[in-house]
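Worth saying up front: this structure is predicted, and the values here are computed from it rather than measured. Both backbone and side-chain heavy atoms feed into the values below; hydrogens, waters and symmetry mates do not.
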Amino acid sequence: MGLTYVPGLDRILDVCADLVDVVEIEPQTFWRSRTDGVISTDEEALRRLADLPGARLLHGVGNPVGGCQLPDRRHIALFGELAERLATPWVSEHLAFNQVGGKEKGFHTGFMLPPCQTPSGVQYGIRSIRAMADALPMPLAVEIGANYLQPRPNELPDGEFICRVVEGSGCGLLLDLHNVLANERNGRCSVDELLDALPLERVWEVHLAGGLAHRGYWLDAHSGLPDDDLLSLAERVLPRLPSLRAVLYEVTPSAVPQLDAQAVRELLNRVRSMWPDTSRALLPALPTPRLADDSGGCGEDTPTPQEWEHALGSLAIGRDTSTPLARQLSTDPAIGLLRELITEFRGSALTGTLRYTLRLLLLTLGDAEVRELLEAYTRAHPPHLFASQEAFAFADYLRRTRPAVPWLSDVLELDCGLTRAQLDGKPCTVSLDSDPTALLTDLGAGRLPVAPRHGPFRVQLVDDGRTAVGAPTGHF
């Protein structure tokens, strides 16, 4: 039993330490995309995790293995190095895609999107999984994601698609029970239909989480404790998983302050009672790949995986596209939901990095105008994988568009300089026209500066200990 680590969870872990056998880490949240393009691990942040209870697992959140684009080899190498250092018995990643096309004309989607559920999509999923699994020193499991789209007549059923992919690739399975319950609530196949089609002997890990209702959908928001329906589902399903080795509770950082530690203790005890056989060895059996059947199940109008990813990815980030598939998909109400979620994620990434800039914009322009500004930016520019990359791109956009906001140029320099100092691990010097102490003091207190002294000023900025710059965008 354990929890997935997020910032702020330490007080919960302190109270629940005697019940926590494993803590799962999302490695991308500890990576830094430096200003020279090199991706490195934040060693200081990792050192702070050394005293957490239990063993470690790694769960990827930015390099999915369900699409046409192979997972990034640089990310796989960092992933594997960290997994070896932490002695993790297996690692996991999402059966999804977040990259469309190649490096030259491709783009990130800013969100994990469902893969093309056709026989060709199965083959691309197997190819992507094997590319990652073969480069890792330990076994790989893939997670079944949330899918807000309506089922389509020319796609494989959810369970059959997942079964073909995991059996064809020889990987393990991470069964996120909240995801599959959300999919049922949102009109996809029932949980029982899905479970009947899955190779349950390949399930090594289970995730539990809370969600919320929004716009007629049930969101996989990791927003609190699991509800009674999910716990009843877990009680039915956990005894059916002969290779199960870990059950993890997930929560998003924004929900941690409202989380009651005693309630988490009760959750861990309750789930442990559903799964009494915890004496098995930690390392799961490695499944043998089976020859994938690439025939049957879809009609003549089935899109290619490339067509699927381009149409869905383009629509999700608000790009106009006139292909027949895009026109079909645009009628699905989930497209509007995906656009909203992606915009919200991108705004959250900017708030965590350009915190003084966003505060200045809100105090000067107000909520409505800032939202319009963010929407104009997100329509014109595709998402970036890392929050720091998103911050630098939005800063460039503000410099070009020049909204009528006093001190904006100086505050942007301060925010970007602080981010560079953290990414590169060394001081960053910036030149300003206004007194930086006055700017940061007033904005830090939630008020507009009042006649700060004019410069020029040269300021040396150092890492202030923030962690948001490393977080990938678009993941609960």
Query raised in the report: Any donor and acceptor pair, going by atom type alone, linking the side chain of Gln99 with main-chain N or O of Gly101 inside 3.5 Å?
Result: yes
Query raised in the report: Does a salt bridge link Arg265 with Asp18, judged by any charged N lying under 4.0 Å from a carboxylate O?
Result: yes
Report summary line: Residues passing the side chain to side chain donor-acceptor pair (under 3.5 Å) test with Arg127, sequence neighbours excluded, are none
Query raised in the report: Quick one: ring-ring contact (aromatic ring centres under 6.0 Å, His included) partners of Phe394, sequence neighbours excluded?
Result: Tyr377
Query raised in the report: Sequence neighbours excluded, which residues qualify as side chain to side chain donor-acceptor pair (under 3.5 Å) partners of Ser254?
Result: none
Requested in this report: Taking side chain to side chain contact (heavy atoms under 4.5 Å, CB included) as the test, write out the residues that go with Pro226, two or more places apart.
Outcome: Leu208, Leu230, Leu231, Tyr249, Leu267
Query raised in the report: With sequence neighbours excluded, what pairs up with Gln328 under the side chain to side chain contact (heavy atoms under 4.5 Å, CB included) test?
Result: Arg152, Leu325
Requested in this report: Taking ring-ring contact (aromatic ring centres under 6.0 Å, His included) as the test, write out the residues that go with His75, two or more places apart.
Outcome: Trp31
Query - Separation between CD1 of Ile317 and CD1 of Ile342, rounded to the nearest 0.5 Å - result: 7.5 Å
Without placing hydrogens or testing angles, list every side-chain donor-acceptor pair under 3.5 Å for residues 79-86, not counting sequence neighbours.
from, atom 1, to, atom 2, distance (Å)
Arg85, NH1, Glu43, OE2, 3.1
Arg85, NH2, Glu43, OE1, 2.9

Report task. Go through the structure and list residues passing salt bridge (charged side-chain N to carboxylate O under 4.0 Å, His left out) with Glu375, not counting sequence neighbours. Result -> none
Report task. Please collect all salt bridge (charged side-chain N to carboxylate O under 4.0 Å, His left out) contacts where either partner lies in residues 332-342, sequence neighbours excluded, each pair once. Result -> Arg215-Glu340
Report summary line: By side chain to side chain donor-acceptor pair (under 3.5 Å), Thr323 pairs with (sequence neighbours left out) none
Requested in this report: Flag the pair Met138 / Val91 as yes when at least one side-chain heavy-atom distance between them is below 4.5 Å, and no otherwise.
Outcome: yes
Query raised in the report: With Ser314, which residues qualify under side chain to side chain contact (heavy atoms under 4.5 Å, CB included), at least two apart?
Result: Phe107, His310, Arg319, Thr321
Requested in this report: Could you list the residues that satisfy side chain to side chain donor-acceptor pair (under 3.5 Å) with Arg379, not counting sequence neighbours?
Outcome: none
Query raised in the report: Taking the six-membered ring of Trp204 as reference, does the NZ or CZ atom of Arg245 fall below 6.0 Å from its centre and within a 45° cone about the axis?
Result: no
Report task. Using only heavy-atom distances, determine whether the side chains of His59 and Glu26 contain a donor-acceptor pair under 3.5 Å. Result -> no
